[in-house]
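Below is one structure; the comments refer to it alone.
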Amino acid sequence: MIRDQIQQTVANAVAAAQASGMLPAIDIPPVEIQRPNQPEHGDYSSNIALLAASAVKKTTGQKGNPRQIAQSIVDQIPTAGTQASRLPSDDLIGSVELAGPGFINIRLNARWLQSQVLTIIAEGERFGTIEKGEGRPWQVEYVSANPTGPLHYGGGRNAVLGDTLANLLEAAGYEVQREFYVNDSGTQFQLFIESLYVFYLQIFERDVELPQEGYQGAYLRDYAQLAREREGDRLLHMEPSAAKAALKEIGREIVLQDIKDELAGLGVTFDLWFSEQSLYDEGLVDQLLMKLTHEGEVIERDGARWFLASKYPGNEKDEVVVRSNGSPTYFASDIAYHYDKFVRRGFDRVINVWSVDHQGHIPRMGAVMRALDLEPERLVILLYNLVKLIRDGQEVKMSKRSGDLLTVREVVEEVGPDAVRFMLLTTSPERSIEFDLSLAVQRKNENRVFYVQYGHARICSLIQKAAKSGFDDPEVVPDDAAHSVTLLTHPAELTLIRRMLEMEEQVELAVERLSPHNLTYYAEDLTKAFSAFYENCQVLHSDVPPELARARLLLSLAARTALSRVLQLMGMTAPKAM
RNA sequence: GCCCCCUUAGCUCAGAGGAUAGAGCAACGGACUUCUAAUCCGUCGGUCGUAGGUUCGACUCCUACAGGGGGCGCCA
């Protein structure tokens with residue numbers, strides 16, 4: 001990564017300054033490289049001289065002069081042209097200057113920037129990927145909504161966050177597995193099956209009552225119909241317990257298919273739908289409870305079995321794993337589930353995407369990790385806040401159509417998948433979202449995703465037009481391209497290249513902070529840089545010399561790559577025309 | 001009561017120890033016989049909830065308080 005190279009160069013310069021005696025040979029904090037806010041301050045900057053001055057004061061008692069220190073470091077940084085043996089485009093750093101109280105400002109070499117246009121084109125689909133993960137296996141578990149019906153719109157945020165994060169992790173070089181944990185054992189699922197059974201019987205005009213707290217959404221009628229289409233009246237003639245057992249399989253398939261379709265509408269897919277029930281079926285839950293009992297982590301008290309979470313930091317209470325009536329809690333299977341993830345499947349790290357109402361569960365899972373002898377840092381929780389949908393100034397929770405909770409599907413149908421993804425992604429996860437539906441539908445174009453997509457469509461159109469106006473196939477990079485790109489000297493051209501080259505840093509940032517929303521702002525900035533180029537630098541115009549036009553077409557190709565990649569990372573389409 | 005998160009422009013939000021706090025929308029003014037105006041340029045707009053503290057330097061870290069949201073079950 002560019003920033004890493006610069007960091008290394010500055011660090012070397014610090015060492016060289018110390019070796020030459022210009023800088024006292026004391027411990028100096030590690031060099032950090034920032035992106036200055038003001039363009040006048042260069043492409044990158046370092047505050048190392050300010051930090052070094054403090055260090056000097058601390059160790060020697062003498063006040064260090066930050067500007068003097070900065071100068072001694074600046075003197076040791078090689079810039080383009082200092083080494084005669086190299087090509088003008090070889091050197092990353094164009095110039096270095098000392099500024100303000102002691103900042104070291106670094107500007108990239110224009111010749112090098114120009115050469116990067118061809119690098120970006122060559123990288124294509126790989127552009128923006130970094131080596132950070134080194135192929136380590138990471139898992140992202142997200143959505144994992146109860147399989148009892150269509151997804152509530154709030155689940156959309158979970159889906160979008162998890163999916164985008166998984167995309168980013170892949171770009172960062174991790175081997176990513178996307179997983180949906182299916183809670184197909186336990187009370188809620190059981191209630192769902194009982195309810196489905198009732199709706200099924202009602203098709204045959206049997207008069208049966210819904211169980212208490214049973215599900216009664218209109219969708220259950222559809223599910224029951226589907227069950228009937230598949231099974232006919234077979235279940236009608238079975239003992240209720242046998243019928244329900246059969247429905248467990250059938251109902252599971254029906255509801256999961258529904259959820260799958262709904263998520264596919266948002267562009268979200270999973271590698272694995274992991275069954276909670278399977279943990280019981282193969283005896284893993286029992287096995288682990290035994291193991292933990294043996295190790296003194298689980299004890300019996302008041303007729304129930306408890307996990308002694310309070311032994312571990314952050315936990316005040318113990319947790320029931322098996323109720324006094326003998327039935328296990330979800331927490332029991334959660335222990336087994338995470339054991340399976342880390343110990344059996346060997347994920348280096350697991351990221352669970354949870355809504356804030358699960359925050360109380362975080363310390364408990366930390367305790368589980370410790371009890372299982374696993375480093376707690378390997379389980380990371382991405383906690384996100386709730387989504388509030390507003391229509392005409394009022395909060396909407398229910399669907400007008402069905403009377404049920406408003407679903408992801410309905411919101412996607414109303415607003416469109418890309419716009420929904422964008423609006424669920426732009427806000428940082430820990431903040432709640434207030435989203436005005438009426439506004440979104442009324443003024444659809446105000447959604448910034450269309451701005452980015454429009455930029456992409458414009459490039460495609462430009463490239464297509466170039467082919468028709470006598471340029472050789474614009475998709476093919478000509479032999480003399482390396483020379484062509486040196487004609488890209490307009491500030492808008494160089495700014496666009498700079499912006500594109502930020503992509504890797506953006507990927508790293510979003511991964512390190514678990515902040516996929518950063519990407520949406522980068523996408524806008526990138527598009528803005530392209531627009532400025534598009535406005536200021538004509539390509540297919542009689543005034544523009546063919547050689548320059550060719551160079552600008554190359555830049556456009558690179559910009560198309562960058563924009564399409566960023567849209568792809570966000571899980572949105574990159575339209576060729578709008 | 002205890003714990004966690006949020007509070008930045010009229011609105012919706014970025015910014016996470018650096019230099020003069022940014023964007024979109026809204027409002028106002030300008031640019032279309034276009035390489036796609038779903039665009040671009042400009043103007044207006046801020047004691048970064050309040051009060052202290054740490055630091056050469058704080059929207060950013062610490063403490064207290066206020067307002068908003070969430071969590072504290074043999075629920076999931």
Side-chain angles (χ1 to χ4, degrees), chain A residues 32 34 36-38 40-41 45-47 50-51 53-54 57 63-64 66 99-103 105 144-146 148 183 186-189 191 213 276 301-306 314 316-331 334 355-363 383-386 388 423 426-436 439 443-455 457-466 469 509 513 515 517-518 520-522 524-525 527-528 531-532 534-541 544 549 552-553 556 577-578:
Chain A
E32 278 178 27
Q34 290 100 26
N37 289 324
Q38 263 73 35
E40 311 90 77
H41 295 153
S45 77
S46 178
N47 60 355
L50 293 159
L51 298 177
S54 302
K57 192 181 173 189
K63 214 175 149 193
F103 290 104
N105 293 341
S144 300
N146 269 332
T148 55
N183 296 106
T187 27
Q188 293 308 312
F189 185 66
L191 266 174
E213 323 230 337
E276 179 185 14
R301 189 197 296 157
D302 306 330
R305 294 173 75 190
W306 300 73
E316 284 167 14
K317 296 175 186 165
D318 298 326
E319 293 299 316
V320 171
V321 283
V322 182
R323 301 179 182 91
S324 47
N325 68 9
S327 69
T329 64
Y330 78 105
F331 194 65
D334 242 21
S355 71
V356 274
D357 23 318
H358 294 76
Q359 58 171 265
H361 197 41
I362 296 174
L383 212 63
Y384 68 92
N385 218 314
L386 307 173
K388 209 181 196 182
M423 79 110 190
T426 41
T427 304
S428 78
E430 67 274 12
R431 286 176 76 126
S432 60
I433 295 182
E434 271 191 30
F435 178 64
D436 195 320
L439 227 63
R443 296 185 295 203
K444 242 180 160 170
N445 324 344
E446 275 175 22
N447 192 310
R448 301 305 286 166
V449 70
F450 297 118
Y451 174 67
V452 179
Q453 292 179 321
Y454 182 65
R458 271 175 145 183
I459 305 178
C460 293
S461 158
L462 176 64
I463 290 167
Q464 220 172 29
K465 208 156 236 176
S469 9
L509 181 85
R513 290 198 200 142
S515 60
H517 71 281
N518 290 133
T520 62
Y521 293 91
Y522 173 62
E524 278 192 65
D525 289 346
T527 309
K528 206 170 181 181
S531 292
Y534 188 85
E535 295 290 328
N536 290 299
C537 305
Q538 292 269 310
V539 182
L540 309 173
H541 196 273
V544 179
R552 288 179 172 168
L553 275 175
S556 301
M578 281 176 81

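Numbers restart at 1 for each chain; the letters A, B, ... are given by sequence-line order, proteins then strands.
For the C1' atom pair drawn from B:rU39 and B:rG49, the interatomic distance equals 38 Å after rounding to whole Å. Between B:rU33 and B:rC48, the two C1' atoms lie 49 Å apart (nearest whole Å).
Remark: A:D302 engages no residue in a side chain to side chain donor-acceptor pair (under 3.5 Å) (not counting sequence neighbours). Contacts of A:H41 classified as side-chain contact (heavy atoms from CB on, under 4.5 Å), with partners at least two apart in sequence or in another chain: A:P36, A:Q38, A:N105.
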query: Can you give the dot-bracket line for RNA chain B, where a pair is Watson-Crick or G-U wobble with both atom distances under 3.5 Å, crossing pairs use [ ], and | marks a partner on another strand?
result: (((((((..((((....[...)))).(((((.......))))).....(((((..]....))))))))))))....
- line: Scoring nucleotides 38-50 of chain B by protein non-hydrogen atoms under 4.0 Å (B base, S sugar-phosphate only, - none) yields BSS----------
statement: Readout for nucleotides 71-76 of chain B: B = base within 4.0 Å of protein heavy atom, S = sugar-phosphate only, - = neither; 5' to 3' it is SSSBSB
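If you check every strand for non-hydrogen atoms under 4.0 Å, A:C537 touches a base. Base contact: A:A577 has a heavy atom under 4.0 Å from a base atom.
Between A:H361 and A:Y330, the ring-plane angle classifies as tilted under the 30° and 60° cut-offs.
In this structure, A:S46 contributes its side chain and A:E32 its backbone to a donor-acceptor pair below 3.5 Å.
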Atom pairs under 3.5 Å: protein N/O with N/O of nucleotides 11-20 of chain B:
{"residue": "B:rC13", "atom": "O2'", "partner": "A:Y521", "partner atom": "OH", "Å": "2.3"}
{"residue": "B:rA14", "atom": "OP1", "partner": "A:S428", "partner atom": "N", "Å": "2.3"}
{"residue": "B:rA14", "atom": "OP1", "partner": "A:S428", "partner atom": "OG", "Å": "3.1"}
{"residue": "B:rA14", "atom": "OP2", "partner": "A:R431", "partner atom": "NE", "Å": "3.4"}
{"residue": "B:rA14", "atom": "OP2", "partner": "A:R431", "partner atom": "NH1", "Å": "3.1"}
{"residue": "B:rG15", "atom": "OP1", "partner": "A:H517", "partner atom": "NE2", "Å": "3.1"}
{"residue": "B:rG15", "atom": "OP1", "partner": "A:N518", "partner atom": "ND2", "Å": "3.0"}
{"residue": "B:rA16", "atom": "OP2", "partner": "A:R513", "partner atom": "NH2", "Å": "3.4"}
{"residue": "B:rG18", "atom": "N7", "partner": "A:N47", "partner atom": "ND2", "Å": "2.6"}
{"residue": "B:rA19", "atom": "OP2", "partner": "A:N37", "partner atom": "ND2", "Å": "3.1"}
{"residue": "B:rA19", "atom": "N6", "partner": "A:S45", "partner atom": "OG", "Å": "3.3"}
{"residue": "B:rA19", "atom": "N6", "partner": "A:N105", "partner atom": "OD1", "Å": "2.8"}
{"residue": "B:rA19", "atom": "N1", "partner": "A:N105", "partner atom": "OD1", "Å": "3.3"}
{"residue": "B:rA19", "atom": "N1", "partner": "A:N105", "partner atom": "ND2", "Å": "3.2"}

